[in-house]
Protein chains: 2
Amino acid sequence: MAEKARDANADRVGLTDPGGAARATRPRIADVAHAAGVSKTAVSFAFNSPQRLNPETAERILEVADELGYRPHPVARMLTQRRTGTIGILTPQALSVVFSNPFFGLFNEGVAAAAESSGHALLFVSPLHGSLARAVGRATVDGFVAVGLPEGHPEIEQVRRAGLPTILVDSTAFPAHGFVLVDDETGARLAAEHIAGLGHRDILVVGVEPPAPMTSYSPDGVMGRRLGAYRDALATAGIDLVDERVLVGPASIEGGMACFRRAWEDGLHPTAILAMSDAMAIGVMHAAGEFGLSIPRDLSVVGFDDIDMARYTSPPLTTIRQPVRRKGEEAVRLLLAQLEQHPAAPEQVLLPTRLIVRGTTAPAPSLREEVGVAAS
Amino acid sequence: MAEKARDANADRVGLTDPGGAARATRPRIADVAHAAGVSKTAVSFAFNSPQRLNPETAERILEVADELGYRPHPVARMLTQRRTGTIGILTPQALSVVFSNPFFGLFNEGVAAAAESSGHALLFVSPLHGSLARAVGRATVDGFVAVGLPEGHPEIEQVRRAGLPTILVDSTAFPAHGFVLVDDETGARLAAEHIAGLGHRDILVVGVEPPAPMTSYSPDGVMGRRLGAYRDALATAGIDLVDERVLVGPASIEGGMACFRRAWEDGLHPTAILAMSDAMAIGVMHAAGEFGLSIPRDLSVVGFDDIDMARYTSPPLTTIRQPVRRKGEEAVRLLLAQLEQHPAAPEQVLLPTRLIVRGTTAPAPSLREEVGVAAS
DNA sequence: CCGGTTTAGCAAACCGGTTTAGTTACTGTA
DNA sequence: TACAGTAACTAAACCGGTTTGCTAAACCGG
């Protein structure tokens, strides 16, 4: 006896393609089986292990399938194979802000390079109707690369309980998971020491605002760690960084401009600014220009990240380099390793940062006069 | 009689979470049903239409589910609901090059904003082992936004035959589908006229290279249309743009630098460059600087796109603005419209471009001398 | 000509959910 | 008391594939 009646619906499916519009009913494996006079199994074999079939039969099945316009349904295939072939990029920010941040451009480059070479697609997952956990529940991925998930995030426990293999980037929120970190403390310390060493005393910090549900930095998050290191290094130089001198905004050029304008109009007239992102640093430079300041003569600026653009600003941006692309690559590499050999000890990677001195930093104005450099 | 034996496996599943590691076997709906003493149907209702259950029962089921750490399997759910809640972004380039291109950053912002507000996730689909069609076959999406699919692409027919709702951006390869275009011709013409009007005669075009399997522009592709319009407008001004004066490279700062260096060292010393991408224009500016040229005194540069960075270069970049963000938004909007009411006439959108004159264009050097501006 | 192996293909079980079409018990009405 | 209507829940079918276990025929050496 052949397949049950519902397993074949050749009459529903036109043999020829109706000219570009999506057809009413997509052909199923049973339709192909019926048309080729074989079982579903045979059709499945023809696609997945043709060597198990007589070559002629396999050939014929594939021809019939092509005529019908049949493609194995990817979702059904995922269900049986128990893998999706997709890697999820999990971010607590909205995707529209992610993509506006040049840091992510670079990070995604690395992720994409690694994912592509292993044949994985990339699914970007951000809070769904405000809930990260809900979005995670809907995501059809083999595992996550979670970037910048702050320790204090309200939904973090639910995300962890989802139980998918997850590699954290810029976060240590799940101690038992693999993660990729960058030596933010050293980077921030180098930036602060550089500025303090140039004689600056009146310093402002411009930071990336924490993602939506949160209102302040967790001391263990990236920005919190950077801020802590700025503070410590400045304190060592005898400078007290008060909260009023730490401004936050979106990690974009506009965000940096807004921060600087706000500060300047509030009467804060620093001689140096430590920015936690290059995009914001570039914004600061431009806003400073609007107020007639010249960089680095009147204002020194240090960025963070060393995005491509940093070397092309004028003057070129002094910044802290972190291997952003590599961060993405490593994260995917760790994830794939974990996916392959399940009970793998989660690996952990710490990447270095370093100070790149370019043209946006100079001795503090007061100091320059002392050493005989005339202010114009 | 209760469910079949295989439908419940309470013994496989620990009640408590074993401390962060992914559990061996994920609880299934039958496990919850068994533990709560109800049917699978009831569990499904508890999650999807709780009003169909006694509130207390629903509550109890959800509690049991939570204890077991049960989440409905998203792939199984997709299969029955016949929707994925995901929009695919289809690009013929590798993702690593996509993310390195600031144009895509902006475009993705628009796509993400529109997708997010409708609760859709974003899946990036690029050639899998060199084949776009194969990647399309694996993609679990409700529809595609295909960007920059050139008309002559070898796999285009297979992509179309996949039969998924698709909106094209910067391409008219599928005449029967909806698409979002930008008035590239007018933009390119304005750029060329601007340059010709400034007296330039020695002009170079720097273009974005076509995606991997292709080697030259299709005249109907974005870059082909822009090139055509450059040519026409220059011809009108009596200038013949020969093929040797059209260089292509990756759409990045480095790509622009490479193009300029190659040209300059080959003895091409133009007074103006028309770049088909802002990133490349920025690269050209820097490479020109390396050769001691001053912009716009010695060399005029016009970009294309008007990315964020364009207004922050020095001098700020003269360019053709196209509403890139909006392009992404419109594409998703059209796609969602088509997904909702199936037999919708595919919409088509044409967005304007315009010339933004900033600081990188000036009269041709020879001309300046004539009008009395001394060359230093 | 015989037992053993290989080849080719099939039916049924399975992946993990949702949905349809009931069934049962209870409530309200005439 | 009978009957309709509803609330609460369920068994079985279904989504569209893959995989397992099996059978029948062809092949093979002795």
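Chain letters run A, B, ... following the sequence lines, proteins first and then strands; every chain starts at 1.
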Rounded to whole Å, CD of A:Q81 lies from P of C:dG16 at a distance of 14 Å

Validation row: A:F144, A:I87 side chains within 4.5 angstrom (heavy atoms): no

**Prompt:** Would one find a side-chain N or O of A:Y70 under 4.0 angstrom from OP1 or OP2 of D:dG17?
**Reply:** yes

Between NZ of A:K40 and P of D:dT20 the distance, given in whole Å, is 15 Å

Rounded to whole Å, the CD-C1' distance (B:Q51 to D:dA7) equals 13 Å

The side chain to side chain donor-acceptor pair (under 3.5 Å) partners of B:T80 (sequence neighbours excluded) come to none

With side chains defined as the heavy atoms from C-beta onward, is the minimum distance between A:R160 and A:E157 less than 4.5 Å? yes

B:F47 atom CZ is separated from C:dT19 atom C1', nearest whole Å, by 17 Å

Mark yes or no for a side-chain to base donor-acceptor pair under 3.5 Å between A:T57 and C:dA8, with no hydrogen or angle criteria applied.
no

Result for 5'-nearest mapping on DNA chain D, choosing between B:L79 and B:N54, is B:N54

A:M78 CE to C:dG17 C1', in whole Å, measures 15 Å

Any side-chain N or O of A:R82 below 4.0 angstrom from OP1/OP2 of C:dG16?
yes

Count the heavy atoms of every other residue, nucleotide or ligand shown that sit under 6.0 Å from CZ of A:R138, and state whether that count exceeds 12. no

Check this one for me: any side-chain N or O of A:R77 less than 4.0 Å away from OP1 or OP2 of D:dT18? yes

When rounded to whole Å, the CD1 to C1' distance for the pair A:I29 and D:dC15 reads 14 Å

Please confirm whether the shortest side-chain N or O distance from B:S39 to OP1 or OP2 of D:dT10 is below 4.0 Å. yes

**Asked** Between A:P165 and A:L335, is any pair of side-chain heavy atoms under 4.5 Å apart?
**Response** yes

To the nearest angstrom, the NE2-P distance between A:H73 and D:dC14 comes to 17 Å

Problem set entry | B:D66 bridged to B:R71 by N-O distance under 4.0 Å | no

Where DNA chain D forms runs of at least three Watson-Crick or G-U pairs (i with j, i+1 with j-1, under 3.5 Å), the stems are C:1-30 with D:1-30

Next item on the list: Examine D:dG16: is either OP1 or OP2 under 4.0 Å from a nitrogen or oxygen in the side chain of A:R28? Give yes or no.
Entry: yes

Quiz item: Quick one: are the ring centres of A:F47 and A:Y70 less than 6.0 Å apart?
Solution: yes

Salt-bridge contact B:R60-B:E63 (side-chain N to carboxylate O under 4.0 Å): no

Check your understanding: For D:dT18, does either OP1 or OP2 sit under 4.0 Å from a side-chain N or O belonging to A:S44?
Key -> yes

B:D142 atom CG is separated from D:dC15 atom P, nearest whole Å, by 18 Å

A:R52 vs C:dG9: side-chain N/O to OP1/OP2 distance below 4.0 Å: no

Give a yes or no on whether a donor-acceptor pair under 3.5 Å exists between the nucleobase atoms of D:dT18, that is its base, and the side chain of A:T41.
-> no

